[in-house]
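By convention here, the first residue in the shown sequence is residue 1. All values below were derived from every heavy atom in this structure, side-chain atoms included, with hydrogens, water molecules and symmetry-related copies excluded.
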Amino acid sequence: MRFAITGLNHKTAPVEVREKLALPEASLPGELERLRQLPGFNEALILSTCNRVEFAAAVDDSADPRESVVELLARRHGLTRAGVEPHLYTHVGQDAVRHLFRVASSLDSMVVGEPQILGQLKAAYAAAKDTGASGRLLDLIVTRAFAVAKRVRTETDIGQSAVSVSYAAVELAREIFGDLRGKRVLLIGAGKMSALTAKHLRRTGASDIYVTNRTHQRAVDMAAQFDGLVVDYQSFPRLLPTVDILITSSGAPHFVITHDMMRQVIQARRNKPVFLIDIAVPRNVEPDVHKIDNVYVFNVDDLEHQVAEGLKARHAEVEAAEKIVAHELTEFEKWAHGLNVQPTVVSLRAKTRAVLMAELERTLGGRLKHLPEGDRAALTQMIESSVNKLMHAPTTRLKASAASEAGPELVEAVRHLFDLPEPPSEDDDAPPELSVADDDRVRH
């Protein structure tokens with residue numbers, strides 16, 4: 001059984017294609033069931049986000065996961081094969097495991113280090129579990145991917161720096177105020193970036209968030225997104241002395257916040273600091289405002305510079321993260337190959353023990369039937385010890401060779417020489433046979 005991933009992402013498909021091929025969360029159970037009904041598909045997981053749609057599956061060696069996914073997507077979205085196939089990539093075996101480790105660690109994300117993808121992968125895995133589409137192979141690989149992502153987060157700073165304008169604004173506010181709990185915020189204008197910034201501020205502990213806009217209904221709609229309070233546009237100047245953080249994104253053709261206005265505000269605040277984030281283009285805050293003591297003004301250019309520095313810091317951590325992924329992949333391969341060897345080791349030990357114990361029982365029932373119980377127990381213990389010593393070298397060498405090119409041939413030779421039974425089928429309780437080797441049939 002092979003592990004395979006077929007999909008598309010922001011690198012292989014433009015946003016208009018990704019939008020067409022995205023799968024709504026409510027449709028996942030049905031799509032998972034359809035996947036499992038395809039010939040050779042045993043287990044399946046679907047990860048669908050704004051930047052990727054991927055199908056991870058445990059398939060028989062005879063199955064063609066790419067062909068199946070092309071047909072599924074084309075049929076579901078009413079597209080031709082030519083509208084789907086050129087955007088897809090397929091990874092099989094070791095490459096598929098590596099890809100999943102990198103996705104979980106956000107190394108394959110549009111914004112390296114973003115945390116959302118791990119939560120989305122966990123939700124996709126939960127959906128696969130709930131519908132019975134995930135089995136032992138996916139369980140082994142996906143849970144290992146979660147562990148790899150945790151190592152990357154813990155041992156590198158890949159997720160620490162601000163890489164969005166809204167998050168950069170919050171980080172700057174933290175530099176000024178330290179703790180943002182209890183800080184009051186006013187949004188002037190109903191821009192999308194203002195809303196994102198306000199959501200970040202709410203999550204970091206900002207208390208009251210006020211919203212004002214020249215179109216009252218837009219202020220109402222925005223305030224509903226984060227439990228904000230609406231302020232009449234003509235009245236907002238009276239609120240300014242009580243506000244710690246001011247975010248402007250108004251489309252007004254003139255300065256909304258002037259030097260004289262803020263000079264009066266800082267006097268009323270008795271020089272308590274106030275933080276202004278001017279996201280509007282053209283600017284809403286008069287340039288001279290930044291000359292007032294304890295008034296901190298940042299515009300879009302300032303925030304973009306912060307974002308650029310954050311991206312630079314994250315990319316500096318990528319090499320360390322990739323080394324963790326490579327190390328974990330090597331360890332996983334050794335472990336997976338060891339699982340493939342384990343049934344042979346168990347069979348060899350069991351047969352050796354059975355032969356020796358049968359000979360002991362035959363002897364104890366014949367010439368040595370007069371031996372007392374204590375002596376019989378000592379002989380039994382001797383046999384157990386002999387099995388352990390006899391099997392130590394074959395067990396160690398079989399496991400050591402598991403990941404080598406000669407490993408499968410050596411296992412087959414041991415089974416042939418000792419006439420061992422075939423490994424248990426996948427319906428039994430034994431671990432599944434894992435194929436994590438590279439596959440020449442991978443297509444991009």
Side-chain angles (χ1 to χ4, degrees), residues 1-112 116-117 120-121 123-125 127-128 131 133-135 137-138 141-142 145 435-444:
M1 187 159 61
R2 298 178 297 150
F3 177 59
I5 292 178
T6 295
L8 56 100
N9 62 19
H10 59 281
K11 300 174 186 175
T12 66
V15 64
E16 57 268 21
V17 173
R18 301 199 304 272
E19 288 173 344
K20 287 179 184 177
L21 299 180
L23 297 171
E25 185 178 347
S27 72
L28 293 186
E31 299 301 338
L32 285 167
E33 185 56 35
R34 272 184 276 278
L35 268 181
R36 293 184 66 211
Q37 290 175 0
L38 295 174
F41 275 68
N42 303 299
E43 305 170 23
L45 176 150
I46 300 174
L47 175 63
S48 181
T49 74
C50 58
N51 284 326
R52 70 180 64 244
V53 180
E54 294 186 340
F55 299 79
V59 298
D60 293 340
D61 288 344
S62 58
D64 186 341
R66 185 187 184 91
E67 181 68 19
S68 299
V69 169
V70 170
E71 290 184 3
L72 184 150
L73 287 174
R75 183 174 64 252
R76 189 187 193 285
H77 298 286
L79 300 172
T80 63
R81 291 178 56 88
V84 176
E85 211 273 342
H87 302 289
L88 296 183
Y89 45 79
T90 298
H91 303 293
V92 179
Q94 176 184 340
D95 284 343
V97 177
R98 179 190 294 109
H99 179 77
L100 189 64
F101 285 4
R102 296 186 76 253
V103 168
S105 303
S106 79
L107 290 170
D108 194 58
S109 296
M110 182 179 289
V111 178
V112 172
Q116 288 83 5
I117 188 62
Q120 291 163 335
L121 180 58
Y125 178 56
T131 57
S134 179
L137 182 53
L138 275 177
I141 296 173
V142 176
S435 177
V436 293
D438 290 324
D439 193 307
D440 292 334
R441 287 168 289 182
V442 176
R443 287 171 287 169
H444 302 281

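For E16, there are no side chain to side chain donor-acceptor pair (under 3.5 Å) partners two or more places apart in sequence or in a different chain. The side chain to side chain contact (heavy atoms under 4.5 Å, CB included) check on P24 picks up S27, R76, with sequence neighbours excluded. Listed by chain and number, the residues in a side chain to side chain contact (heavy atoms under 4.5 Å, CB included) with L28 are L23, I46 (sequence neighbours excluded). Take A58 and apply the side chain to side chain contact (heavy atoms under 4.5 Å, CB included) test, not counting sequence neighbours, and it matches M1, E43, L137. In this structure R102 satisfies the salt bridge (Lys or Arg N to Asp or Glu O under 4.0 Å) test together with D108, E322, sequence neighbours excluded. Under the rule for a side chain to side chain donor-acceptor pair (under 3.5 Å), T49 has no partner lying at least two apart in sequence or in another chain. Take E33 and apply the side chain to side chain contact (heavy atoms under 4.5 Å, CB included) test, not counting sequence neighbours, and it matches R36, Q37. The salt bridge (Lys or Arg N to Asp or Glu O under 4.0 Å) check on R75 picks up nothing, with sequence neighbours excluded. Residues forming a side chain to side chain donor-acceptor pair (under 3.5 Å) with H99 (at least two apart in sequence, or on another chain): E54. In terms of the ring-ring contact (aromatic ring centres under 6.0 Å, His included) criterion, residue partners of Y125 (sequence neighbours excluded) are, by chain and number, F146. Under the side chain to side chain donor-acceptor pair (under 3.5 Å) criterion, R18 pairs with N51, sequence neighbours left out.
Checked against F55 for a side-chain contact (heavy atoms from CB on, under 4.5 Å), the options T90, L72, L45 give a single hit: L72.
With contacts defined as side-chain heavy-atom distances shorter than 4.5 Å, the pair V103/L47 qualifies. Using a 4.5 Å cut-off on side-chain heavy atoms (C-beta onward), N42 and D60 make contact. Looking at heavy atoms from C-beta onward, C50 lies out of side-chain contact with H10 at the 4.5 angstrom threshold.
Heavy-atom minimum distance, F3 versus A56: CE1-CB, 4.0 Å. The nearest pair of heavy atoms linking S109 to I117 is OG-CG2, 3.9 Å. Shortest non-hydrogen contact noted between V70 and E85 is CG2-CG, 3.7 Å. The two atoms that bring I5 and A96 nearest to each other are CD1-O, 3.5 Å, heavy atoms only. Residue R2 comes nearest to P65 through the heavy atom pair NH2-CD, 4.1 Å, listed as atom of the first residue, atom of the second, then distance. Here the closest heavy-atom approach between residue L32 and residue A44 is recorded as CD2-O, 3.6 Å.
To the nearest 0.5 angstrom, S105 atom OG is 10.0 Å from L121 atom CG.
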### Task
Go through the steps to decide whether R81 and E67 satisfy the test side chain to side chain contact (heavy atoms under 4.5 Å, CB included), and finish with yes or no.
CA-CA 10 Å; R81 291 178 56 88; E67 181 68 19; 2.9 Å; yes

### Message
Assess the residue pair V84 and V69 against the criterion (side chain to side chain contact (heavy atoms under 4.5 Å, CB included)); give the C-alpha distance rounded to whole Å, side-chain angles, the decisive distance to 0.1 Å, and a yes or no.
### Response
CA-CA 9 Å; V84 176; V69 169; over 6 Å; no

### Task
Start with the C-alpha gap between L38 and V59, add the side-chain angles, then the distance that decides, and say whether side chain to side chain contact (heavy atoms under 4.5 Å, CB included) holds.
CA-CA 10 Å; L38 295 174; V59 298; over 6 Å; no

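No donor-acceptor pair closer than 3.5 Å links the side chain of S48 to the backbone N or O of V53.
Environment of CD in Q116: crowded, with over 12 heavy atoms of neighbouring residues, nucleotides or ligands closer than 6.0 Å.
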